Amino acid sequence: FKRKHRVGKEKFYEKFSLGYNTAFQNKINFKASEFNKPGFWDKFQNGMTHTFQIGLPNFTAFKYINITPSFNYTERWYSYKIDRMWDEERMRERQDTTYGFNRVYNYNLAVSANTKLYGFYKPIKAIFGDKVQMIRHVFTPSVSYSLTPDFGDSKYGYYKSYTYTDSQGEVRTVDYSPY
């Protein structure tokens with residue numbers, strides 16, 4: 001949001017940055033004899049991903065610590081989902097494909113802080129001679145924190161589950177992603 005020819009002080013909104021990326025994928029695996037036969041079009045696997053990055057204004061704390069906050073959002077679109085269930089009659093898992101628009105998303109907030117510390121060391125002349133007068137070293141400590149919600153939580157609905165009783169009589173639960 002920076003102006004090309006700025007006059008006066010930089011405005012707060014000029015410090016924001018936005019990024020957007022998208023990717024589309026469509027693939028199919030089939031035998032030549034299956035081409036254009038019933039069910040051929042159902043073999044396509046496709047999806048689209050959108051990623052947004054928002055760079056929030058950096059600021060300085062205590063004159064020397066650089067603080068950088070950020071926000072990222074990713075959304076995925078699918079043209080179908082696969083529901084799984086247990087078939088008691090056949091004693092095996094069964095799958096059902098549902099076609100239509102499906103979307104899932106995730107996001108995270110992050111903040112990082114860093115600074116630079118400089119040090120100088122005057123070497124011993126007996127080792128380095130007169131050629132090296134001073135050695136400068138830089139130490140760049142940084143710390144970051146990222147917050148990402150648990151998208152596996154049931155309130156998001158990204159994962160499903162079914163239960164069944166195995167051949168030993170134990171009740172089992174299978175968690176899966178339909179996407």
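In this text the structure is predicted, and so the values were computed from the model without any measurement. FYI, side chains are in, hydrogens and waters are out, and symmetry mates aren't considered; it's all heavy atoms of this structure.
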Problem - Check against side-chain hydrogen bond (donor to acceptor under 3.5 Å, both in side chains), Tyr20 and His50 - result: CA-CA 7 Å; Tyr20 172 73; His50 304 277; 2.6 Å; yes

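- Asn66 has its side chain out of reach of Asn58: every pair of non-hydrogen atoms, C-beta onward, lies at least 4.5 Å apart.
- Connection of Tyr118 to Met134 is not established within any shared hydrophobic cluster, with ILVMFWY side chains joined at heavy-atom distances below 4.5 Å, either directly or through further cluster members.
- Within the 4.5 Å cutoff, side-chain heavy atoms of Arg76 are placed close to those of Asn106.
- Closest approach of Gly47 and Phe24 over heavy atoms only: O-CD1, 3.4 Å.
- Clustering ILVMFWY residues whenever any of their side-chain heavy atoms sit less than 4.5 angstrom apart, transitively, puts Tyr64 in a cluster other than the one holding Ile67.
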Problem - side chain to side chain contact (heavy atoms under 4.5 Å, CB included) assessment of Asn108 paired with Leu147 - result: CA-CA 6 Å; Asn108 76 319; Leu147 175 66; over 6 Å; no

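- With respect to Arg172 and Asp166, a salt bridge is recorded, a charged nitrogen being found less than 4.0 Å from a carboxylate O.
- Between the OG1 atom in Thr115 and the NZ atom in Lys63 there is a gap of 12.0 Å [rounded to 0.5 Å].
- Side-chain contact check for Tyr80 versus Ile82: some heavy-atom pair is nearer than 4.5 Å.
- Side chains of Thr51 and Asn21: a donor-acceptor N/O pair is absent below 3.5 angstrom, by distance only.
- For the residue pair Asn102 and Gly100, the shortest heavy atom distance occurs at ND2-O, 3.0 Å.
- The shortest side-chain heavy-atom distance between Tyr159 and Pro178 does not fall under the 4.5 Å cut-off.
- Interatomic distance, NZ of Lys116 versus OG1 of Thr140, reported as 4.0 Å (0.5 Å rounding).
- A salt bridge does not link Asp175 to Lys160: none of the charged side-chain nitrogens sits closer than 4.0 Å to a carboxylate oxygen.
- Taking CD of Gln95 as the start and CG of Asp87 as the end, the distance is 12.0 Å to the nearest 0.5 Å.
- Closest of all the heavy-atom pairs between Gln25 and Lys27 is NE2-CD, 3.6 Å.
- Residue-environment remark: CG (Asn29) stays at or below the threshold of 12 foreign heavy atoms within 6.0 Å.
- Heavy-atom minimum distance, Phe71 versus Leu109: CD1-CD2, 3.1 Å.
- Annotation: side chain of Val174 is not in contact with side chain of Ser161 (no heavy-atom distance under 4.5 Å).
- Each of Tyr105, Phe101, Tyr179 was scored for a ring pair (Phe, Tyr, Trp, His ring centres under 6.0 Å) with Trp77, with one residue passing: Phe101.
- Cluster annotation: Ile135 is not connected to Phe120 through the hydrophobic network of ILVMFWY side chains, with a link wherever side-chain heavy atoms come within less than 4.5 Å.
- By the neighbour-count criterion of 12 heavy atoms within 6.0 Å, atom CD of Gln133 is sparsely surrounded, having that number or fewer from other residues, nucleotides or ligands.
- Using modelled atom types, one side-chain atom of Tyr176 and one backbone atom of Arg84 make a donor-acceptor pair closer than 3.5 Å.
- Cluster membership check: Tyr158 does not share its hydrophobic cluster with Met85, using side-chain heavy-atom separations under 4.5 Å among Ile, Leu, Val, Met, Phe, Trp and Tyr.
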Exercise for the section: Applying side chain to side chain contact (heavy atoms under 4.5 Å, CB included), run through Ser70 and Thr68 and close with a yes or a no. Expected result: CA-CA 7 Å; Ser70 66; Thr68 307; 5.7 Å; no

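- In this structure, Thr173 contributes its side chain and Thr163 its backbone to no donor-acceptor pair below 3.5 Å.
- Between Phe151 and Tyr107, the ring centre distance stays below 6.0 Å.
- Linking ILVMFWY side-chain heavy atoms closer than 4.5 Å, directly or via other members, places Val138 and Leu117 in two distinct hydrophobic clusters.
- In this pair, Tyr164 and Tyr162 present their aromatic rings tilted. The plane angle is within the 30 to 60° band.
- Smallest separation of non-hydrogen atoms from Tyr78 and Val104: CE1-CG2, 3.8 Å.
- Thr22 places a side-chain heavy atom less than 4.5 Å from the side chain of Met48.
- The distance from the CE atom of Met91 to the OG atom of Ser167 is 7.0 Å, given to the nearest 0.5 Å.
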